Number of protein chains: 2
Amino acid sequence: MERIVRKYRGKGFKLTPQRIAILKFLEGNTNHPTADDIYTEIKKKYPTVSFATVYNTVQALRDRGELLEITIDPERKHFDPNPSAHHHIMCTGCGKIGDVFFDYSESLGLPEEVTREFAVTGNHIDFYGVCTRCRAKTS
Amino acid sequence: MERIVRKYRGKGFKLTPQRIAILKFLEGNTNHPTADDIYTEIKKKYPTVSFATVYNTVQALRDRGELLEITIDPERKHFDPNPSAHHHIMCTGCGKIGDVFFDYSESLGLPEEVTREFAVTGNHIDFYGVCTRCRAKTS
DNA sequence: TACTATAATAGAATTATTCCAAGATAATAA
DNA sequence: TTATTATCTTGGAATAATTCTATTATAGTA
Ligand SMILES: [Mn+2]
Ligand SMILES: [Mn+2]
Ligand SMILES: [Zn+2]
Ligand SMILES: [Zn+2]
């Protein structure tokens with residue numbers, strides 16, 4: 001917690017109790033929570049917290065490059081406190097999202113008809129699969 | 001149009017005028033339209049068409065593997081009448097989505113810690129970039 | 001301790017998408 | 001053809017995710 005406070009204080013990022021709670025929840029979190037996941041968690045300690053605060057905070061973090069919005073799930077956005085370039089895999093059974101830490105950049109050259117039209121700035125791979133637990137169920 | 005009718009008739013896919021109009025609009029369409037794009041277009045000829053019909057139809061097509069739902073745009077779903085495996089690139093300026101026809105499968109091996117947990121079934125790459133027109137504007 | 005820019009909040013508004021019940025019609029077979 | 005019926009279309013309501021707004025509160029700073 002002290003680490004978090006130290007990291008953000010004095011960077012123009014105002015640290016309120018709600019924000020600190022959100023930052024603590026996100027710190028090292030690899031579950032790729034939704035806005036509702038964050039809201040539900042913070043509400044335990046701050047029952048009056050609002051969705052507006054959750055969205056405001058993740059937007060502020062996103063704008064500072066501290067957090068990524070993940071689009072792999074067609075139903076809703078998921079948030080990732082790890083802003084380093086990496087990819088994701090989602091279980092088509094339960095929706096669980098896992099990390100894929102591997103840099104494929106070297107392999108992702110684009111056809112000339114694409115580079116003629118687009119100046120490429122980034123990429124993200126969505127993998128799909130079935131997790132261990134879901135395989136156990138179905139079999 | 002006759003080709004479309006021939007393709008779907010007798011496959012348990014009931015062909016109504018609205019559906020034929022949607023199929024015609026999608027046929028060969030590489031613009032990755034949203035539900036609203038489809039609705040707006042069909043409404044020109046069938047002013048009473050509803051969003052329910054648009055969504056019902058794209059769902060029916062999706063379930064038959066004739067159409068893909070694209071998640072590259074965090075704001076809304078886009079639909080792609082080309083169900084063959086391919087990837088996409090979106091302009092971060094105007095949102096335009098282009099196709100990337102290249103099979104990267106060979107290069108997308110996954111780390112063992114991932115394959116230990118997930119049985120991989122598919123992948124899709126989102127590329128980001130800036131299109132020609134947007135580059136012209138900004139410079 | 002006072003000041004002020006910024007944040008938190010409730011709730012309304014917006015937007016995308018799904019659901020539902022009633023009427024309409026495409027496909028099929030007599 | 002015509003009758004049958006499963007499926008589709010439709011308007012509108014319902015849901016769900018996200019954003020906006022006006023007001024009140026407060027963190028950081030002087
Ligand atoms: Mn991640
Ligand atoms: Mn495409
Ligand atoms: Zn699973
Ligand atoms: Zn553009």
Side-chain angles (χ1 to χ4, degrees), chain A residues 1-2 4-23 25 32-64 66-67 69-79 95, chain B residues 1-2 4-23 25 32-64 66-67 69-79 95:
Chain A
M1 181 173 73
E2 287 313 313
I4 293 176
V5 174
R6 227 177 295 124
K7 181 173 178 187
Y8 290 95
R9 176 161 298 156
K11 304 287 181 184
F13 190 82
K14 200 184 253 190
L15 281 173
T16 65
Q18 294 87 344
R19 284 187 164 190
I20 292 171
I22 293 173
L23 291 169
F25 175 61
H32 307 92
T34 63
D36 190 67
D37 293 334
I38 298 171
Y39 174 76
T40 301
E41 179 64 24
I42 304 310
K43 209 173 173 61
K44 290 179 188 168
K45 194 165 181 188
Y46 297 94
T48 68
V49 76
S50 69
F51 266 106
T53 295
V54 172
Y55 280 108
N56 285 342
T57 303
V58 295
Q59 272 175 32
L61 291 171
R62 194 222 304 121
D63 294 347
R64 283 152 194 280
E66 305 279 354
L67 171 144
E69 264 183 27
I70 308 296
T71 64
I72 193 171
D73 178 359
E75 305 305 316
R76 58 190 66 77
K77 288 176 190 165
H78 291 253
F79 300 99
Chain B
M1 180 174 70
E2 288 312 313
I4 294 175
V5 173
R6 229 177 292 125
K7 180 174 179 187
Y8 289 96
R9 177 162 298 158
K11 305 287 183 186
F13 191 83
K14 199 183 252 188
L15 281 172
T16 64
Q18 295 87 345
R19 285 188 162 188
I20 292 171
I22 293 173
L23 291 169
F25 175 60
H32 309 93
T34 63
D36 191 69
D37 292 335
I38 298 172
Y39 174 75
T40 301
E41 179 64 25
I42 305 308
K43 211 172 171 60
K44 290 179 188 167
K45 194 164 180 189
Y46 297 93
T48 68
V49 76
S50 69
F51 267 105
T53 295
V54 172
Y55 280 108
N56 285 342
T57 303
V58 296
Q59 272 174 30
L61 292 171
R62 194 223 303 122
D63 294 347
R64 283 152 194 278
E66 305 279 355
L67 171 144
E69 262 183 32
I70 307 296
T71 64
I72 194 172
D73 178 358
E75 304 306 316
R76 57 189 66 76
K77 289 177 191 164
H78 291 251
F79 301 98

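Throughout, a chain's letter reflects where its sequence line sits, starting with A, and its residues are numbered from 1. What you see is a predicted model, and the numbers here were worked out from it, not measured in a lab.
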Next on the checklist: Among D/dT10, D/dT18, C/dT18, which nucleotide has an atom closest to any side-chain atom of B/Thr48?
Outcome noted: D/dT10

Checklist entry - What nucleic acid atoms does B/Gln59 come within less than 4.0 Å of, heavy atoms only: base, sugar-phosphate, or nothing? => result sugar-phosphate

Checklist entry - Given atom CZ of A/Phe51 and atom C1' of C/dT15, what is their separation to the nearest angstrom? => result 16 Å

Next on the checklist: Under 4.0 Å from OP1 or OP2 of D/dT10: is there any side-chain N or O of B/Thr53 that close?
Outcome noted: yes

Item to check | Result of checking A/Asp36, A/Thr34, A/Asp37 against A/Arg76 for side-chain contact (heavy atoms from CB on, under 4.5 Å) | outcome: A/Thr34

Next on the checklist: Tell me whether the rings of A/Tyr55 and A/Phe79 are parallel (<30°), tilted (30 to 60°) or perpendicular (>60°).
Outcome noted: perpendicular

Checklist outcome for this item: Between B/Thr34 and A/Pro47, the residue closer to the 5' end of DNA chain C by nearest nucleotide is A/Pro47

Checklist entry - Could you give the CG-to-P distance, from A/Asp37 to D/dT18, as a whole number of Å? => result 11 Å

Checklist entry - Is it the case that more than 12 heavy atoms not belonging to B/Lys45 sit under 6.0 Å from its NZ atom? => result no

Item to check | Separation of C/dT17 C1' from B/Arg62 CZ (nearest whole Å) | outcome: 11 Å

Checklist outcome for this item: Atom CD of A/Glu75 and atom P of C/dT18 are separated, to the nearest Å, by 7 Å

Checklist outcome for this item: From CD1 of A/Ile22 across to C1' of C/dA7 the rounded distance in Å is 11 Å

Checklist outcome for this item: Separation of D/dT18 atom C1' from A/Ile38 atom CD1, nearest Å, is 13 Å

Checklist entry - Expressed in angstrom and rounded to an integer, what is the separation of B/Lys43 atom NZ from D/dT10 atom C1'? => result 11 Å

Item to check | Rounded distance (Å) that lies between atom C1' of C/dT6 and atom CG of A/Leu15 | outcome: 12 Å

Tabulate atom names and distances for all N/O pairs under 3.5 angstrom spanning the protein and nucleotides 21-26 of chain D.
none

Item to check | Reported OH-to-OG1 distance for the pair B/Tyr46 and B/Thr16, which is rounded to 0.5 angstrom | outcome: 8.5 Å

Checklist entry - D/dA17, D/dT18, D/dT10: which one has an atom nearest the side-chain heavy atoms of A/Ala35? => result D/dT18

Checklist outcome for this item: One should read off an interatomic distance between A/Phe13 CZ and A/Thr57 OG1, to the nearest 0.5 angstrom, of 6.0 Å

Next on the checklist: By nearest atom, which of the nucleotides C/dT17, C/dA27, C/dT9 is closest to the B/Arg9 side chain?
Outcome noted: C/dA27

Item to check | Gap between atom CZ of A/Arg9 and atom CD1 of A/Ile20 - 0.5 Å precision | outcome: 7.0 Å

Next on the checklist: With a cut-off of less than 4.0 Å, is there a side-chain N or O of B/Gln18 near OP1 or OP2 of C/dT25?
Outcome noted: no

Item to check | Contact under 4.0 Å: B/Tyr55 side-chain N or O vs C/dT17 OP1/OP2 | outcome: yes

Checklist entry - Taking all atoms of both residues into account, what is the closest heavy-atom pair of A/His32 and A/Ile70, and its distance? => result CD2-CG1, 4.5 Å

Item to check | Minimum-distance nucleotide (side-chain atoms of B/Lys77 versus D/dT19, C/dT18, D/dT10) | outcome: C/dT18

Next on the checklist: With rounding to the nearest 0.5 angstrom, report the OG1 to CD distance, B/Thr71 to A/Glu75.
Outcome noted: 11.0 Å

Next on the checklist: Can you tell me which nucleotide in C/dT17, C/dA7, D/dT18 comes closest to the side chain of A/Arg19?
Outcome noted: C/dA7

